[in-house]
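Below, each value reflects all heavy atoms present in this structure, side chains not excepted, and no hydrogens, waters or symmetry copies. Computed from a predicted model, the values in this text were never measured in an experiment.
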Amino acid sequence: MCKDCGCSMGNHAHEHTHKDGVTHSHAHTHDAAVPHERDDHSHEHHSHVHTHADGTTHTHEHSHENLASHEQDKHDHQHEHAHPVLNESKTIDVIEKILSANDAEAAHNRAHLDELKILCVNLMSSPGAGKTTLLESTIKGSDFKIGVVEGDLETNQDADRIVKAGASAYQISTGQTCHLDAFMVHEGLHHLPLNELDIVFIENVGNLVCPASYDVGSHFNAVLLSVPEGDDKVSKYPVMFRAADVVLITKISLAPHFDFDVERVKNDARKLNPKVDIFTIDSKTGEGVQQWINYLKFKKELR
């Protein structure tokens, strides 16, 4: 389960979109959630059926003259089985194990990318902040060879856009899961032509909460905040912006039409992380795009 919202981390499908536009998909199952064991008690008028966690059942027969006498019946019968209790400490222990395994896989991803001298960037934001549009402008405006691991609940629409822009893409459809984890990204990396790439972007699922808690093996986190979302989001979602190495204020050309204070965003972000880099950008008009590309070149040289 997700440690933040409790969403399912079960079945998810991978859709691989090639440069030629051909897409294929396959599904995986991760049994990471806490098992929910329970006893189901089905009460008839004259019998009690008990189902154990191992699937076996037994029935206690009782005679009751009517519903009133049933309710008042003080009969006593012994249960020879224990009812398991999923307490808070057990849940926390399982979640910690999930995150430990994820962190180990993330370190493996990062080491693999380091060997190939590939820069990996984890893009996070709420839905509609402009992650895919930013990637399109980056692909078209730079000479980087780029691959993208795309994360969405459903469809391969964003992967199709990336391929059309001229990069490689691998789509992960997460189903009910609100973020990518290191294992999903590992799968995606092995479906990209890594030996040919300079930068790999991980376009995380649109969500300002859960993705911040999962290291996926990137070298830095970029969080997008669009002008229409409002300038209060940094203080409302501190975990996400505390995890940001760079904040991109997107759709900046819309600022005259919204009550959006850029300085407030900058101040709030630097209270959480004094070292965070902040850019204003508009992928449609091109404002700030070259500054972003120069930033990527600087980061790439450090590899």
Side-chain angles (χ1 to χ4, degrees), residues 19 103 105-125 129-151 158-159 161-163 165-170 180 182 185-186 188-204 211-212 214-225 240-250 252 265-266 269-270 272-303:
K19 273 194 172 184
D103 290 346
E105 188 72 2
H108 170 74
N109 291 346
R110 198 156 28 244
H112 186 45
L113 293 164
D114 285 341
E115 289 178 3
L116 297 171
K117 300 188 184 302
I118 294 174
L119 175 67
C120 185
V121 184
N122 184 19
L123 293 181
M124 298 182 286
S125 77
K131 296 187 297 297
T132 309
T133 306
L134 174 67
L135 287 174
E136 288 173 324
S137 63
T138 304
I139 294 165
K140 294 175 181 178
S142 71
D143 56 3
F144 294 127
K145 296 177 181 177
I146 293 173
V148 181
V149 177
E150 283 285 351
D158 288 349
R161 289 173 59 182
I162 295 302
V163 170
S168 302
Y170 183 79
L180 294 178
V185 170
H186 180 264
L189 291 176
H190 282 280
H191 285 83
L192 293 176
L194 295 180
N195 290 327
E196 303 172 9
L197 302 180
D198 300 312
I199 300 178
V200 168
F201 287 97
I202 299 164
E203 185 174 350
N204 223 307
Y214 289 81
D215 184 359
V216 291
S218 63
H219 294 107
F220 72 89
N221 294 326
V223 178
L224 283 64
L225 173 64
M240 174 60 74
F241 288 93
R242 191 179 290 116
D245 298 292
V246 56
V247 172
L248 300 173
I249 303 173
T250 62
I252 194 63
V265 172
K266 291 181 178 180
R270 286 179 174 138
L272 296 171
N273 181 0
K275 296 182 179 180
V276 68
D277 295 309
I278 303 174
F279 301 108
T280 57
I281 193 168
D282 195 296
S283 299
K284 288 292 188 180
T285 67
E287 180 178 351
V289 172
Q290 188 57 52
Q291 185 181 16
W292 163 244
I293 290 173
N294 291 340
Y295 182 79
L296 293 172
K297 288 179 179 179
F298 171 74
K299 290 290 188 179
K300 179 70 174 66
E301 290 172 359
L302 299 178
R303 302 263 48 86

How close do [X] and [Y] get, counting heavy atoms only, and between which atoms?
X	Y	answer
I118	H219	O-CE1, 3.1 Å
S125	K131	OG-NZ, 3.0 Å
L113	G217	CD1-O, 3.9 Å
V121	A222	CG1-CB, 4.2 Å
L180	N204	N-OD1, 3.0 Å
T138	L134	OG1-O, 2.7 Å

**Request:** For side chain to side chain contact (heavy atoms under 4.5 Å, CB included), just list the numbers for K299 and V246, CA-CA rounded to whole Å, side-chain angles, deciding distance to a tenth of an Å, and then say yes or no.
**Result:** CA-CA 12 Å; K299 290 290 188 179; V246 56; over 6 Å; no
When you compare the side chain of [Y] with that of [X], does any pair of heavy atoms fall below 4.5 Å?
X	Y	answer
L116	N195	yes
N294	K297	yes
R161	T133	yes
I281	I252	no
P211	M240	yes
D277	F220	no
F241	L225	yes

For [Y], does its backbone N or O pair with a side-chain atom of [X] as donor and acceptor, under 3.5 Å?
X	Y	answer
D245	N221	yes
N109	V216	yes
S137	S283	no
K117	K300	no
D215	D103	no

Look up atom [atom1] in [X] and atom [atom2] in [Y], then write down how far apart they are to the nearest 0.5 Å.
X	Y	atom1	atom2	value
E150	D158	CD	CG	4.5 Å
T250	W292	OG1	CH2	11.5 Å
L197	L119	CG	CG	11.5 Å
I162	E136	CD1	CD	6.0 Å

**Item:** ring-ring contact (aromatic ring centres under 6.0 Å, His included) against F279, all qualifying residues, sequence neighbours excluded
**Value:** Y295
**Prompt:** Taking only residues two or more places apart in sequence, or in another chain, which ones meet H186 in a ring-ring contact (aromatic ring centres under 6.0 Å, His included)?
**Reply:** H108, H190
**Message:** Regarding T132 and E203, do their side chains bring together a donor and an acceptor under 3.5 Å, going by distance alone?
**Reply:** yes
